[in-house]
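Okay, structure first, notes after.
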Protein chains: 4
Amino acid sequence: MNDTKKSIFESAIKIFSKCGYNGATMDAIASEAGVAKGTLYYHFKSKEEIFNFIVREGMELIKNSIEDVASEKDNILCKIKVLCRIQLSLVYESRDFFKVVMSQIWGEELRQLELRAAINKHICYTQSYLEEGMDKGVIKRGDSYLMAYTLFGTICSTAVYELINDDKGSLDQLIERQLKYILEGIQERK
Amino acid sequence: MNDTKKSIFESAIKIFSKCGYNGATMDAIASEAGVAKGTLYYHFKSKEEIFNFIVREGMELIKNSIEDVASEKDNILCKIKVLCRIQLSLVYESRDFFKVVMSQIWGEELRQLELRAAINKHICYTQSYLEEGMDKGVIKRGDSYLMAYTLFGTICSTAVYELINDDKGSLDQLIERQLKYILEGIQERK
Amino acid sequence: MNDTKKSIFESAIKIFSKCGYNGATMDAIASEAGVAKGTLYYHFKSKEEIFNFIVREGMELIKNSIEDVASEKDNILCKIKVLCRIQLSLVYESRDFFKVVMSQIWGEELRQLELRAAINKHICYTQSYLEEGMDKGVIKRGDSYLMAYTLFGTICSTAVYELINDDKGSLDQLIERQLKYILEGIQERK
Amino acid sequence: MNDTKKSIFESAIKIFSKCGYNGATMDAIASEAGVAKGTLYYHFKSKEEIFNFIVREGMELIKNSIEDVASEKDNILCKIKVLCRIQLSLVYESRDFFKVVMSQIWGEELRQLELRAAINKHICYTQSYLEEGMDKGVIKRGDSYLMAYTLFGTICSTAVYELINDDKGSLDQLIERQLKYILEGIQERK
DNA sequence: AATGAATGAGATTTCATTCAT
DNA sequence: GATGAATGAAATCTCATTCAT
């Protein structure tokens with residue numbers, strides 16, 4: 001990915017996150033990237049292709065981030081904690097990408113079906129960690145697939161939290177709290 | 001709200017949920033409602049007004065549903081459980097409304113800021129339940145605001161689950177599982 | 001076909017004939033028709049649909065013109081002469097339509113393949129007249145299909161003649177001459 | 001004309017014939033020629049210049065072909081027959097060039113007016129053969145200019161025939177038939 | 001000689017809104 | 001109350017041309 005393409009890629013994430021897919025205009029993306037409109041079409045066949053490229057690259061990046069760190073641990077509970085922490089902090093670091101995903105996951109257009117497939121693949125990937133946790137006895141036995149979704153829900157809630165409340169101060173604390181809720185629940189043990 | 005307006009209202013939810021705000025066309029809404037395009041403008045000033053009307057009515061409905069049932073219970077843990085169950089089942093019953101909210105919450109347009117405010121208000125409302133739970137010693141002491149978001153996240157995850165997996169069979173079971181995860185966590189107690 | 005649509009239809013023929021299909025712009029057609037660009041799209045789905053509509057209507061018109069007059073004659077040679085005369089005079093009266101056909105018949109786009117099919121159908125239709133002429137002994141026995149093409153070629157030559165030479169004075173004389181060439185040839189009988 | 005320029009020249013004919021002038025893109029021509037787009041502009045000033053170059057070269061070639069063969073005969077009827085035969089077979093051998101001419105002859109752009117002038121010059125050239133035929137008593141006396149157009153029309157009809165029917169088998173037979181029709185007409189002599 | 005990234009003017013198309021009926 | 005033809009601003013996309021390498 002050369003400089004121009006990278007610049008378009010980053011600008012598109014910014015604009016898509018602010019305006020949604022249909023609200024984002026090629027003019028806005030071009031202007032944000034500091035290139036002419038025609039240049040977008042030199043590097044991408046269409047607006048939809050920019051979108052798909054973003055999704056593909058973004059999901060790849062997340063997967064790599066997780067694998068890099070998780071591979072260092074051999075304790076499965078640690079791995080799961082790392083998995084959660086990384087995703088939770090990515091919500092902050094790649095907030096624009098998350099907004100694009102979360103706003104575009106709901107419709108019935110082809111690009112949205114593909115996005116859903118990508119998200120489902122990611123959730124299945126985290127599911128495999130949970131199943132290893134069940135085998136090792138550190139995660140409660142149960143519907144690992146649904147559990148993986150619950151975990152994804154926590155990511156979502158964090159994204160919404162970040163969206164509505166701009167408090168960036170206590171990021172680490174926030175992440176630890178969320179992690180605790182998901183692992184141990186919110187109900188007081190009797 | 002007369003029949004025509006109601007028909008437009010329901011069609012608009014359907015179209016907004018399928019296409020997003022910008023992707024939805026007045027043509028599509030009119031055609032879904034079985035009326036002429038001009039009729040939309042007889043009942044609503046603009047597309048944005050249809051959207052705002054939907055959000056207002058929808059949030060009102062949810063709040064009423066919760067209050068109706070919660071008022072019957074006097075045990076706060078029961079109230080919280082009911083609160084969760086109702087919202088989780090609403091994800092299924094009003095799935096189109098949820099899609100509209102979830103897809104439109106992320107941008108910076110005026111209508112989106114207003115939507116966020118409405119959602120935040122709703123979360124604060126559930127927060128008050130959690131605080132009562134803390135006072136009564138059934139919910140772990142902690143950041144009740146963040147906890148309310150976590151709860152909202154579970155709603156989100158259920159919505160995404162419903163979106164990707166069409167299994168409608170075991171709805172009650174699903175809800176009970178989600179409820180258990182949020183209350184008791186996913187980690188095995190030692 | 002209401003007034004607006006008719007106006008678009010006629011303007012489009014004019015513009016297509018002057019600029020070709022790709023050279024014609026929707027702006028030019030709209031401006032010629034005295035309507036807004038959006039109005040074109042209210043009546044036709046696309047530029048291509050305008051083109052196809054023109055071809056369909058135009059061929060229909062020609063066929064009707066021929067049938068109307070030919071049905072009055074019972075002598076087959078008279079019918080064939082009428083067939084030729086009508087087409088030759090149509091070259092002048094509907095010169096813009098002919099230019100559209102002649103300029104667009106050559107490519108490999110879908111609309112052009114359809115146009116070719118329409119032209120071929122028309123040629124086959126004139127072929128049936130020639131075959132009747134052969135049966136009645138007034139037309140030389142031979143390849144009636146190729147002969148029908150030769151007849152079409154005379155139409156073409158007249159169109160090119162009209163294009164290059166603006167002499168409109170002696171239209172009837174011109175037609176009679178062309179008719180004589182095609183029926184009796186240009187070579188001096190020995 | 002070096003190899004690169006020749007390759008561009010031939011590719012341009014192919015693309016122009018398939019897409020028309022406005023439909024042909026410099027990208028398509030470059031890709032067909034197997035060179036970069038910039039290379040086109042090294043050899044030609046503009047798209048229009050490529051077009052004009054093609055017309056000039058093509059007309060030159062046709063004239064030379066005719067003169068070469070016609071000069072061998074001294075009988076004028078033979079010359080005229082040769083003239084027809086060569087042009088009719090050129091329709092097959094240089095079909096792409098013919099398509100370019102036939103599709104581009106109709107508009108009002110400068111390049112098209114120039115093309116018409118070139119065609120008219122060619123028709124006047126064949127006219128001079130017909131006049132010699134009239135003087136020698138082998139061609140019917142009459143409007144030699146119109147007659148030359150009729151002859152050109154037969155070329156057109158053959159091109160359309162070739163376009164719609166791919167039967168390449170009986171080329172010589174086809175040409176002889178066309179020649180007969182134009183010389184002797186299609187009507188049965190009584 | 002040749003390249004191909006970049007451009008921007010201009011093309012086709014979309015669609016929320018208006019308005020006369 | 002309801003309609004749908006008409007609009008025009010703005011969207012996506014195309015492509016001949018330029019220019020630094």
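Quantities reported herein were computed from a predicted structural model and do not represent experimental measurements.
- In this structure F:dA20 sits in a base pair with E:dT3, meeting the Watson-Crick or G-U test at under 3.5 Å.
- A ring-ring contact (aromatic ring centres under 6.0 Å, His included) with C:Phe9 is found for exactly one of C:Phe44, C:Phe16, C:Phe53, C:Phe51, namely C:Phe53.
- Summarising the geometry, the separation between CD1 on C:Ile50 and C1' on E:dT13 is reported as 12 Å, rounded to the nearest angstrom.
- Between B:Gly23 and C:Lys47, it is C:Lys47 whose nearest contact on DNA chain E lies nearer the 5' terminus.
- OP1 or OP2 of E:dT13 sits under 4.0 Å from a side-chain N or O of C:Tyr41.
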- What do the steps show when you test D:Arg116 against D:Glu108 for side-chain contact (heavy atoms from CB on, under 4.5 Å), and what is the final call? CA-CA 10 Å; D:Arg116 286 218 277 278; D:Glu108 301 296 330; 3.6 Å; yes
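- Taking the side chain of D:Met26 as heavy atoms from C-beta on, and the options E:dT17, F:dT17, E:dT7, the nearest nucleotide is F:dT17.
- Residue D:Tyr42 has no polar side-chain atom (N or O) positioned under 4.0 Å from OP1 or OP2 of E:dA2.
- When each of B:Gly34 and A:Lys45 is assigned the nucleotide of DNA chain F with its nearest heavy atom, B:Gly34 is the one assigned upstream, toward the 5' end.
- When the nucleotides F:dT3, E:dA2, F:dC13 are ranked by their closest atom to the side chain of D:Thr4, E:dA2 comes out on top.
- One finds no side-chain N or O of C:Ser46 lying less than 4.0 angstrom from the OP1 or OP2 phosphate oxygen of E:dT12.
- Look at E:dG10: its Watson-Crick or wobble partner, with both distances under 3.5 angstrom, is F:dC13.
- The nearest whole Å value for the distance from the CG atom in D:Leu40 to the P atom in F:dT18 is 13 Å.
- Distance, D:Asp27 CG to F:dT17 C1': 11 Å, rounded to whole Å.
- Separation of atoms OG (A:Ser46) and CG (A:Asn52) is listed at 7.5 Å; rounding is to 0.5 Å.
- Distance from the side chain of C:His43 is smallest for F:dA6 among the nucleotides F:dA6, F:dT12, E:dG4.
- Atoms CG (A:Asn2) and C1' (E:dG4) sit 12 Å apart, rounded to a whole Å.
- A 6.0 Å sphere centred on CG of A:Asp3 holds no more than 12 heavy atoms belonging to other residues, nucleotides or ligands.
- Along DNA chain E, the nucleotide closest to C:Thr39 and the one closest to C:Asn22 are compared, and the more 5′ of them pairs with C:Asn22.
- In this structure, CD1 on A:Ile13 lies 12.5 Å from CD1 on A:Ile8, to the nearest 0.5 angstrom.
- As rounded to whole Å, 16 Å separates atom C1' of F:dA16 from atom CZ of D:Phe44.
- Residue D:Ile29 contributes atom CD1, which lies 10 Å from atom P of F:dT17 at whole-angstrom precision.
- Each of C:Lys5 and D:Thr25 lies near DNA chain F, and the nucleotide nearest C:Lys5 is the one positioned closer to the 5' end.
- Within 4.0 Å (heavy atoms only), D:Ala28 reaches no atom of the nucleic acid at all.
- Within the 3.5 Å criterion, the main-chain N or O of C:Ala159 finds no donor-acceptor partner in the side chain of C:Lys99.
- Contact annotation for D:Ala30: no contact, since no heavy-atom pair falls under 4.0 Å across all strands.
- One atom, CD of A:Glu49, and another, P of F:dT12, lie 15 Å apart when rounded to the nearest Å.
- Counting atom types as modelled, B:Lys37 pairs a side-chain N or O with a base atom of E:dT17 as donor and acceptor under 3.5 Å.
- At whole-Å resolution of the value, CD in C:Glu48 and P in E:dT13 are 9 Å apart.
- Of the listed nucleotides (F:dT12, F:dG8, F:dC15), F:dG8 has the atom at the smallest distance from the side chain of C:Ala36.
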